[in-house]
Amino acid sequence: METIQYNPRGVCSKKMEIDVEGGVIQAVRVMGGCSGNLQGICSLLKGMTVEEAVGRMEGIRCGMKPTSCPDQLAQALKAAR
């Protein structure tokens with residue numbers, strides 16, 4: 001299993017850790033940010049392929065920000081490919 005560690009930029013969360021095995025997300029942990037929303041996102045990502053997760057989350061914005069926590073998770077997954 002590979003653990004991706006990522007320091008997001010431009011969002012409230014401070015650190016992201018994603019466990020991936022065989023191209024499938026096993027677990028996601030996000031420190032900081034909107035707790036309830038991120039717990040939901042982490043739960044939904046479990047069992048999803050990396051490609052599907054990137055396709056669903058990349059480009060999502062948070063208000064007027066050019067990025068969001070889901071977009072930053074997608075960037076973390078893309079950087080680890």
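Counting from 1, the numbers follow the sequence of the chain as shown.
Under 3.5 Å, the side chains of Gln39 and Ser35 contain a donor-acceptor pair of N or O atoms. No side-chain donor from either of Thr3 and Glu17 sits under 3.5 Å from a side-chain acceptor of the other.
A heavy-atom distance below 4.5 Å is found between the side chains of Leu73 and Ile18. A 4.5 Å side-chain heavy-atom check between Arg56 and Met48 finds at least one atom pair inside the cut-off. At a threshold of 4.5 Å between non-hydrogen side-chain atoms, the residues Met31 and Pro8 do not count as touching.
Contact between Ile60 and Pro70 at its shortest, heavy atoms only, is CD1-CB, 4.1 Å. Asp71 approaches Gly59 most closely through the heavy-atom pair OD1-N, 2.7 Å. Considering every non-hydrogen atom in both Ala53 and Leu45, the closest pair reads CB-CD2, 3.8 Å. The two residues Lys14 and Asn7 have their closest heavy-atom pair at O-OD1, 3.6 Å. Of all the heavy atoms in Thr67 and Gln72, the pair that sits closest is OG1-NE2, 3.0 Å. Cys69 and Met16 make their closest contact through O-CE, 3.6 Å (heavy atoms, listed as atom of the first residue, atom of the second, distance).
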Test log, rule side-chain contact (heavy atoms from CB on, under 4.5 Å), inputs Val28 and Ile41: CA-CA 9 Å; Val28 180; Ile41 291 168; over 6 Å; no
Test side-chain contact (heavy atoms from CB on, under 4.5 Å) applied to Arg9 and Gln75, step by step: CA-CA 10 Å; Arg9 296 170 202 75; Gln75 300 313 311; over 6 Å; no
From CA spacing to verdict: side-chain contact (heavy atoms from CB on, under 4.5 Å), Ile4, Asp19: CA-CA 6 Å; Ile4 300 163; Asp19 296 334; over 6 Å; no
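Grouping the Ile, Leu, Val, Met, Phe, Trp and Tyr side chains by contacts below 4.5 angstrom, directly or via other members, places Tyr6 with Val30. Under a hydrophobic-cluster definition in which Ile, Leu, Val, Met, Phe, Trp and Tyr are linked whenever side-chain heavy atoms come within less than 4.5 Å, directly or via other members, Leu77 and Leu38 are assigned to the same cluster. Put simply, Met57 and Val20 are part of the same group of oily side chains (I, L, V, M, F, W, Y) that touch within less than 4.5 Å, one to the next.
Looking at Gln26, its side chain never comes within 3.5 Å of a backbone N or O of Lys46 through a donor-acceptor pair.
Between atom CZ of residue Arg29 and atom NZ of residue Lys15 there is a gap of 9.0 Å, rounded to the nearest 0.5 Å.
By the 6.0 Å contact criterion, CZ on Arg61 is enclosed, its count of non-hydrogen atoms from other residues, nucleotides or ligands being greater than 12.
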